Structures are given as structure tokens and as C-alpha cells.
Enquirer: 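One structure, pasted below without further comment.
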2 protein chains.
Amino acid sequence: MKTVHERADVVPLLAEIFRELGYEGTSLSRITERTGIGKGSLYHFFPGGKEEMASAVIAEIDAWFEDAIYRPLRNDDARKAIAAMWTNVNDYFRSGGRICLVGAFALDHTRERFSAAIGNYFTRWIDALRAALMRAGCTGEEAQALAEECISGIQGALVLSRALGDKTVFTRSLETLARRLDAAVQ
Amino acid sequence: MKTVHERADVVPLLAEIFRELGYEGTSLSRITERTGIGKGSLYHFFPGGKEEMASAVIAEIDAWFEDAIYRPLRNDDARKAIAAMWTNVNDYFRSGGRICLVGAFALDHTRERFSAAIGNYFTRWIDALRAALMRAGCTGEEAQALAEECISGIQGALVLSRALGDKTVFTRSLETLARRLDAAVQ
DNA sequence: GTCTATACAGTGATAGAC
DNA sequence: GTCTATCACTGTATAGAC
């Protein structure tokens, strides 16, 4: 039995494995074990090997956030886009059951490999949220501080809820952050 | 030339390497390369191999936090202990230049190996900070929420400041969190 | 306590048949 | 596009001489 794949179908599978095992912890044999895709196919899709696989994963995550979160924050009704961000973030991270791959990569020396993409992901998120907050009436300084606090708070909530093995820590943190933004835009 | 070591001197060196490279990224040859300590010595000190090395590192970190932060929070003057926590945290994490090993281990499957120690580290930190906040006048519910928010906020600030390669993100986050606690205990 | 030598499984990667 | 075979290398771990 021989299943035929497309590159686009493979990337989300890789994403889940990199998320769970980290960059160094992810080996080609584990990918094959979990997906049934052999080395031959993997190197056909990603001639650059493991590094290209991780790059593709980061690019796909980035594209998802751009569509679902950043662009609405920049262009749509500010309050609605912020509210949508909170539901999307909660869903995306499965209420704390799934970590942020980009954040995890930032913590160890994997960062050196992908520093541009990692920095970009967070910078664009903060910039987009700041723009929405300013449209909603915040000053530039206030909006910048709140935006940083929210993105940082999401990352911290993912770490803490996983460390405690308690998803309610994540959902509660999100609610606290959301209330703080609401208060700032009255 | 042959340097003689003690186990207690080796652990801090290992800590720095695990912090930079992560559990999977740390190999025995890299440890030898950076410390000059050969495999023979390493297995003499840590018969359980890499896992025992990481365990020893976590235990030492835990002991440091217990002495410098948790115990003062539980026993000393609440406001003074909280103020000391912020300076100690800022120094320990080198103003964002150093990550939290325990938090990093929590994010990938390394967590499974050390879940008890990881959960313990964060639970005791939150409990100690909550106790101090209650002595300073907060209600139990309020103190719990603030404590979780601070520990989570520290972790998030470490992720974000590293992702952006900007230490000022960390120091600014710490200031914001400190102000929030000050406001709660007036 | 440190060194050298060694075992052997697992690593990323490549080549060629199908 | 997938498979199998194979590559050179690095991984953790052990044993014994000093």
C-alpha cells in the first residue's frame, strides 16, 4: 500500500511534530513513524532536508496568522478584530493544549537558524494589534505597551499552562488580557 | 594537562549549556567541547547520563529560587520580599539575556521527563507570591490571579524579548508587572 | 577523577530502482 | 512520488588503564 501525498498536505503534519518534539527532538525517522511518509518522499518535497521542513512550517503558520489575525487587525473594525483575535487565538492554541512553535523556537539555539522569520512573526503581530488599538482611541505609546503585553502574555500563558498541566490557566489568562484591552478602549 | 573537578562546580556549567541548546540539542560532545570535561568524568559524576545531568541542573535552579525568592516571599515582610523578587528575577535572567530553563523544558516533550519537577517549580513560586500578596492585604482570589499573571508574564517576556532580540522588552515588562502588584497592595 | 578506546543505535542525507 | 539500500557521521553509554 502506497499513499500519494502533496507537499501542502505534509506541512501541517510536520508542524504538529515540530511543535511536540522541538526542532532538535524531531528526527526524520519519527516523522516517518508518525506520518507514514518515507525519507524518499520527504526529500522529494523538501530538498533542503529538516531545515527546509521547519522553514515551510513557520511560513505556513505565519500565513495563517496574517490571514486570520494580522490583516483584520490592520484593516477591519478595530473592536471586532480584537474580539476575533481572542477567539482565534484560543482556538488555534486549543485552549492551551497546543504550544506556539515560533515562541518555542525562540527559546533555544534553534532561534539562530530562523531568527528573521521568528522576529517577523512577533513584530507584525504587535504592530497590527497596536494599529487596531490606536484606531480604537489609544495613544501610540499606550497602544504599543498594551500590544506587547498581550503577545507576551499569550506566550507566558502557554508556558505556564503547559508547565502546570492545567489548561484553565491559559483560558483565564486570555480573559484577563482581553478585559485589559477592553478597559483601555472603554 | 588535567583539571580536577567537583560535581558541584560542574552543574552550573551544564545549566548554561542546557539553557542555550535545550535538552535534545545538548550533546555530550558539546559539553566536553565547552567545558573541557571528558565523557569519563561526566559519567563519573552523573552515572545516569544526560537525564541525570538535567535533573541536577533543575534541582539546583529550584534550590536557588527557594532561597532567593520563595522563602522570603513566604516569611519576610511582604512588600520588601516582592520588591526583592523583581530585582532578583531581573538579575537572574540577566535582563532578558538568559532564558528560564524550566519554562523551556515545559514547552516540548522534554516536559514528560521532568514533569513533576517542572510543575513543582512553578506551583511553589505562585503559592509563595500569593501568600505574600495576601499578607499585604489582597483577597485570596485576587492574590492567586495576580500571582499567576506575574509568573506567566515573566515567562512571556523572556520568550518575546528573545524572539525580538530586544532585552528592553523584558525589563519594561517587569516594570509593568511590578507596578500592577504595587497598585494592588496600594 | 580522568583518559582512551570502543560498542552500537540513531542521525541527516543521497542514489537509484520502480 | 515512493521505496529500499546505503552513506558517513554523531549520539549515548560502557570498560578498563592510569
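Residue numbers begin at 1 in each chain, while the letters A, B, ... track the order of the sequences. As the structure is a computational prediction, the values presented were derived from the model and not from experiment.
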Enquirer: In whole angstrom, give the distance that lies between atom NE2 of B/H44 and atom P of D/dA17.
Expert: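 Computing the B/H44:NE2 to D/dA17:P distance gives 18 Å.
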Enquirer: If I take atom CD in residue B/E6 and atom C1' in nucleotide C/dT2, what distance separates them, rounded to the nearest angstrom?
Expert: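 Going from B/E6 (CD) to C/dT2 (C1'), I get 15 Å.
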Enquirer: Kindly compute the distance separating NE2 (B/H44) from CZ (B/R7), expressed to the nearest 0.5 Å.
Expert: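 CZ of B/R7 is found 10.5 Å from NE2 of B/H44.
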Enquirer: What nucleotide, of C/dG12, D/dT2, D/dA13, holds the atom closest to the side chain of A/H5?
Expert: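 Taking heavy atoms from C-beta onward, the closest nucleotide is D/dT2.
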Enquirer: Could you give the CD1-to-P distance, from B/I31 to D/dT10, as a whole number of Å?
Expert: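 Taking CD1 of B/I31 and P of D/dT10, I get 17 Å after rounding.
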Enquirer: Rounded to the Å, how far apart are A/M53 CE and C/dA13 C1'?
Expert: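 Spelled out: CE on A/M53 to C1' on C/dA13 is 10 Å.
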Enquirer: Using the six-membered ring wherever Trp is involved, compare the ring planes of A/W125 and A/F65 and label them parallel, tilted or perpendicular (cut-offs 30° and 60°).
Expert: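 Judged by the thresholds at 30° and 60°, the geometry between A/W125 and A/F65 is tilted.
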Enquirer: Separation of A/L42 atom CG from D/dC3 atom P, in whole Å?
Expert: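 Taking atom P of D/dC3 as the reference, CG of A/L42 is at 10 Å.
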Enquirer: So, the side chain of A/S152 versus the backbone of A/E149: is there a donor-acceptor pair under 3.5 Å, distance only?
Expert: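 Not a single qualifying donor-acceptor pair exists.
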Enquirer: Less than 4.0 angstrom between a side-chain N/O of A/T3 and OP1 or OP2 of D/dT2, yes or no?
Expert: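 For A/T3, the contact criterion (side-chain N or O under 4.0 Å from OP1 or OP2 of D/dT2) is not met.
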Enquirer: Looking at B/T32, is its backbone amide N or carbonyl O close enough to the side chain of B/K39 to form a donor-acceptor pair, meaning the two atoms are under 3.5 Å apart?
Expert: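 It does not hold such a pair.
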Enquirer: Rounded to the Å, how far apart are B/E51 CD and D/dG11 P?
Expert: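 The distance from CD of B/E51 to P of D/dG11 comes to 18 Å, rounded to the nearest Å.
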Enquirer: Taking 4.0 Å as the cut-off, does a side-chain nitrogen or oxygen of B/S41 come that near to OP1 or OP2 on C/dG1?
Expert: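 Checking C/dG1 against B/S41, no side-chain N or O comes under 4.0 Å of OP1 or OP2.
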Enquirer: Once you apply a heavy-atom cut-off of 4.0 Å, does B/T26 come out as touching a base, just sugar-phosphate, or nothing?
Expert: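 Contact class for B/T26: sugar-phosphate only.
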Enquirer: Does A/S27 make a side-chain N or O approach to OP1 or OP2 of C/dG10 shorter than 4.0 Å?
Expert: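 It does not, given that no N or O in the side chain of A/S27 lies less than 4.0 Å from OP1 or OP2 of C/dG10.
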Enquirer: Answer with base, sugar-phosphate or nothing: what part of the nucleic acid does A/F45 contact at a heavy-atom distance below 4.0 Å?
Expert: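 Answer is sugar-phosphate: A/F45 comes under 4.0 Å of backbone atoms only.
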Enquirer: What is the nucleic acid contact for A/G49, judged by heavy atoms within less than 4.0 Å: base, sugar-phosphate only, or nothing?
Expert: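 Counting heavy atoms under 4.0 Å across all strands, the contact made by A/G49 is with sugar-phosphate only.
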Enquirer: Looking only at the side chain of A/V4 (C-beta and beyond, no hydrogens), which of the listed nucleotides D/dG1, D/dA13, C/dT2 gets closest?
Expert: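 That would be D/dG1.
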Enquirer: Mind calculating the distance between CZ (A/F46) and P (C/dG12) to the nearest angstrom?
Expert: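 Rounding to the nearest Å, CZ of A/F46 and P of C/dG12 are 15 Å apart.
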Enquirer: Rounding to a whole Å, what distance do you find between A/R113:CZ and C/dG12:C1'?
Expert: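 Taking atom C1' of C/dG12 as the reference, CZ of A/R113 is at 11 Å.
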Enquirer: Taking the minimum atom-to-atom distance to the side chain of A/Y43, which one of D/dG11, C/dA13, D/dT2 wins?
Expert: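 Of the options given, the side chain of A/Y43 lies nearest C/dA13.
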Enquirer: Among the candidates C/dG12, D/dA13, D/dT2, find the nucleotide nearest to the side-chain atoms of A/K50.
Expert: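 From the listed options, C/dG12 comes nearest.
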Enquirer: Hey, could you give me the CG/OG1 distance between B/D9 and B/T3, rounded to the nearest 0.5 Å?
Expert: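 It is 11.5 Å, given to the nearest 0.5 Å.
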